[in-house]
Amino acid sequence: MREQVGEFDLRWQEAFGMLARFRAPLGEDRLWISDPKAIQYILQTSRYHFVKPYAARFALNTATGKGINGAEGDDHYRQRRVMLPAFGGPESRALRPVFSASAQLLVEQFRDSLSGTKSTSREEDMPTFLGHAVLDALGKAAFAYDFNQLDHQKAELEESLHSFMAKGFGLPSDWKVFLQGVMVHVPPRVLDLMTYLPTAGLTFLRRHVRLSNAVARKLVAERGEDAEGRDALSLIVRANRNEDESRRLVDEELIPQLATILGAGHETTTNSLGWILLELARLPDAQDKLREEIFAAGAHETDNADLNSLPFLNAVIKETLRFDTVVPHLFRVSTRDDVIPLSQPIAGSSELPIAQGTHIIISNVAYNRNKHIWGSDADVWRPERWLDGTVDAGSTRVGVVGNLMSFGTGHRSCLGWRFAVVELQAFVVALVAHLRFEMTPRAARIRRENCLVMLPMVAGEEARGNQLPLRVSLVDGEDGGRAGAGKLSVG
Ligand code: HEM
């Protein structure tokens, strides 16, 4: 838990292949898996026969409230059925102007902050720099909620969302490491009581969920019976209204979905964007190539440009989702004795019998670096692999985007993946068209910290939480915005 994300996974994958058995703290066997066929069986074919361990649901419920993330079985099925229509392809694409407008505002604010000064660039901390704009976009797109309006409750919620994974899960103490190791043996009732422990992390998360729920209550009440908006919450409220009464979500199930969506969608997207900009700062040639593609297509000038048709843009996004897997692991436990199919035989067998109650760590990070799938240079960030035929997904389809495990797969795959992809496309286009990102000495010391979500931290400054300091300047030819050159039309 204290190594950088992926270190042990890649070491094990190199030493043992795509499957390993290891001993947990009290001596029981657990499985570590990156085998595509096994992942497909566990997460897709078997559906609710493999569930999230109660300890993982406890962590998710603590961090994001008792929403879909921690639900199982029929409760999960009902919640997903009502929420899914809000996150479809057309619904997500329709939100692009919202994302573009937030990204454009960020560019304008940066430009304004330089005007009147002699400097042409400034070091910016990416989570801080991007965080407000991403949250603003998420608030408007998901809840028609404006984080920009001055309001005490909004400011508090925003403050609490800033790097909340780092505060809740980062830099675990010896006690926390021990606890997480043995948590699967703690009876659920005792775990539930532990939610109330007065530790700094839990106190912070409890307050965060309370704040989110208070806002959600207000928003759901505002929607009332006739929610007409195009934001995700209105679509969810409408879908719920049209649902058979016996399957409808009650308020106690609807309210926590705001904390869930903010929790699941904010840091994941902000950090994915941060990792994209870091990789582009590390490889200026790739950044220039991307900028040229954006300019050639005029994609920064109109929301009507089809961003799916920009090959290098999408290669950069997919390559970063692969190389910088922000959700490194998924946790499951089998609810019955089972036989897991394997793509690589072990001891002459292509099947692995397992006992009911076996705990499994699915390594998204190792799968995303599998050299059989992504090529012999899988440990290098190289977007061209998506364009030159290097990627060989074979016949086992797992992930929802590019066969990657970055968004999980199956009936619990990321609900917001289309939403996230449209948002990443819109932000990358607006930012790279107008701003240049360069490395700094502190960025060269970035560590990949495991806080459930992979966060960047500067080595030696971990106590300051997640940071990603890059040098930002206006791209050549921009004059501080006074001529409005290359302005995004956000319609
Ligand atoms: C780049 C950004 C994102 C990444 C990498 C990501 C990744 C993931 C992953 C790996 C899971 C599966 C968890 C599991 O199987 O245990 C997941 C679930 C989920 N994600 Fe995302 N996510 C992202 C953005 C978003 C956004 C923007 C939203 C909402 C607007 C969202 C909402 C959810 C929800 C609600 C779930 C739970 C689904 C369920 O349990 O059925 N995510 N996400």
Side-chain angles (χ1 to χ4, degrees), residues 39 42-44 47-48 50-53 56-57 59-61 63-73 75-84 86-88 91-92 95 98-99 130 134-135 137-143 145 165 231-233 235-236 256-276 317-318 320-333 360-365 367-368 398-402 404-428 452-455:
I39 293 178
I42 295 166
L43 295 183
Q44 293 178 7
R47 289 181 63 83
Y48 295 109
F50 288 87
V51 296
K52 292 188 180 180
R57 294 169 59 200
L60 288 165
N61 285 340
T64 63
K66 291 188 177 168
I68 188 171
N69 244 325
E72 270 301 340
D75 282 344
H76 174 263
Y77 176 78
R78 282 189 312 111
Q79 295 187 27
R80 190 152 172 122
R81 204 177 129 93
V82 165
M83 293 172 77
L84 204 54
F87 296 96
E91 290 75 13
S92 302
L95 295 171
V98 178
F99 300 137
L130 303 168
V134 174
L135 186 59
L138 181 61
K140 284 186 185 138
F143 315 109
Y145 181 72
M165 286 291 190
D231 61 286
L233 185 62
L235 293 170
I236 291 170
Q257 308 304 349
L258 178 126
T260 299
I261 290 171
L262 287 177
H266 179 55
E267 291 235 53
T268 44
T269 313
T270 309
N271 279 291
S272 298
L273 195 51
W275 290 109
I276 291 174
I317 291 175
K318 280 191 280 194
T320 312
L321 289 170
R322 182 191 75 80
F323 187 75
D324 302 289
T325 305
V326 300
V327 181
H329 303 113
L330 302 177
F331 302 91
R332 295 294 188 266
V333 59
I360 298 172
I361 296 182
I362 291 169
S363 178
N364 294 343
V365 62
Y367 169 87
N368 278 354
V398 289
V400 289
V401 175
L404 292 162
M405 271 303 290
S406 315
F407 291 109
T409 186
H411 68 296
R412 301 210 70 132
S413 61
C414 177
L415 201 68
W417 73 267
R418 294 184 185 84
F419 187 104
V421 168
V422 175
E423 184 167 10
L424 289 176
Q425 288 174 330
F427 266 83
V428 171
L452 279 191
V453 171
M454 178 178 79
L455 300 179

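Remember, it's 1-based here, ligands and their atoms both numbered in the order they're listed. What you see is a predicted model, and the numbers here were worked out from it, not measured in a lab. The figures here come from the full heavy-atom set of this structure, side chains too, leaving out hydrogens, waters and symmetry mates.
With hydrogens and angles left out, the side-chain atoms of N364 and T325 include no donor and acceptor closer than 3.5 Å.
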Note to self: Determine whether M83 and T260 satisfy the following criterion, side chain to side chain contact (heavy atoms under 4.5 Å, CB included), listing intermediate values before the conclusion.
What the structure shows: CA-CA 12 Å; M83 293 172 77; T260 299; 5.6 Å; no
Worksheet entry | side chain to side chain contact (heavy atoms under 4.5 Å, CB included) evaluation trace for F419 with L138 | CA-CA 9 Å; F419 187 104; L138 181 61; 3.5 Å; yes
May I have the step-by-step check of side chain to side chain contact (heavy atoms under 4.5 Å, CB included) for H329 and I362, ending in yes or no? CA-CA 6 Å; H329 303 113; I362 291 169; over 6 Å; no
TODO: Just do the side chain to side chain contact (heavy atoms under 4.5 Å, CB included) check on Y145 and L233 with the steps written out, would you?
DONE: CA-CA 10 Å; Y145 181 72; L233 185 62; over 6 Å; no
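Tested against E72, the residues R412, K52, R57 include a single salt bridge (charged side-chain N to carboxylate O under 4.0 Å, His left out) partner, R412.
For atom 33 (C) of ligand 1, the closest non-hydrogen atom on the protein side is A264 CB, 3.6 Å. Looking from atom 34 (C) of ligand 1 to the surrounding protein, the closest heavy atom is L415 CB, 3.8 Å. In this structure, atom 6 (C) of ligand 1 lies nearest to the protein heavy atom F407 CD2, 3.6 Å. Of the protein's heavy atoms, L330 CD2, 3.6 Å lies nearest to atom 13 (C) of ligand 1. Here the protein heavy atom with the shortest distance to atom 26 (C) of ligand 1 is G265 CA, 3.4 Å. Given atom 21 (Fe) of ligand 1, the protein heavy atom at minimum distance is C414 SG, 2.3 Å. Here the protein heavy atom with the shortest distance to atom 37 (C) of ligand 1 is N69 OD1, 3.5 Å. The shortest contact between atom 24 (C) of ligand 1 and any protein heavy atom is with T268 OG1, 3.5 Å.
Shown in contact with R332 at under 4.0 Å from a heavy atom are these atoms of ligand 1, numbered in order with element: 14 (C), 15 (O), 16 (O). If you number the atoms of ligand 1 from 1 as listed, the ones under 4.0 Å from a heavy atom of V326 come out as 5 (C). With ligand atoms numbered from 1 in the order given, ligand 1 contributes 39 (C), 40 (O), 41 (O) to contacts under 4.0 Å with heavy atoms of H76. Atoms of ligand 1 lying under 4.0 Å from any heavy atom of S272, numbered from 1 in the order shown and given with element: 1 (C). Of all the atoms in ligand 1, the ones that sit under 4.0 Å from a non-hydrogen atom of R80 are 38 (C), 39 (C), 41 (O). Atoms of ligand 1 lying under 4.0 Å from any heavy atom of I261, numbered from 1 in the order shown and given with element: 29 (C), 30 (C). Of all the atoms in ligand 1, the ones that sit under 4.0 Å from a non-hydrogen atom of G408 are 10 (C). Within ligand 1, counting atoms from 1 as listed, the ones closer than 4.0 Å to a heavy atom of S406 are 5 (C), 7 (C), 10 (C).
H411 has its ring centre less than 6.0 Å from the ring centre of Y48.
A heavy-atom distance below 4.5 Å is found between the side chains of L43 and R332. Between R418 and E91 the shortest side-chain heavy-atom distance does not fall below 4.5 Å. M454 is not listed as a side-chain neighbour of V365, based on a closest heavy-atom distance of 4.5 Å or more.
The backbone N or O of F99 lies less than 3.5 Å from no partner atom in the side chain of E423, so there is not a single donor-acceptor pair. Within the 3.5 Å criterion, the main-chain N or O of W275 finds no donor-acceptor partner in the side chain of T320.
No heavy atom of F331 sits closer than 4.0 Å to any atom of ligand 1. Proximity of K52 to ligand 1 is established by a heavy-atom distance of less than 4.0 Å.
Residue-level proximity to ligand 1 for F419 is carried by the side chain, the only part with a heavy atom below 4.0 angstrom.
With distances taken over non-hydrogen atoms, the option nearest atom 31 (C) of ligand 1 out of G416, A141, A420 is G416.
Residues N368 and S406 come closest through the heavy atom pair ND2-OG, 3.1 Å.
Taking any N or O of R412, backbone or side chain, at least one lies under 3.5 Å from an N or O belonging to ligand 1.
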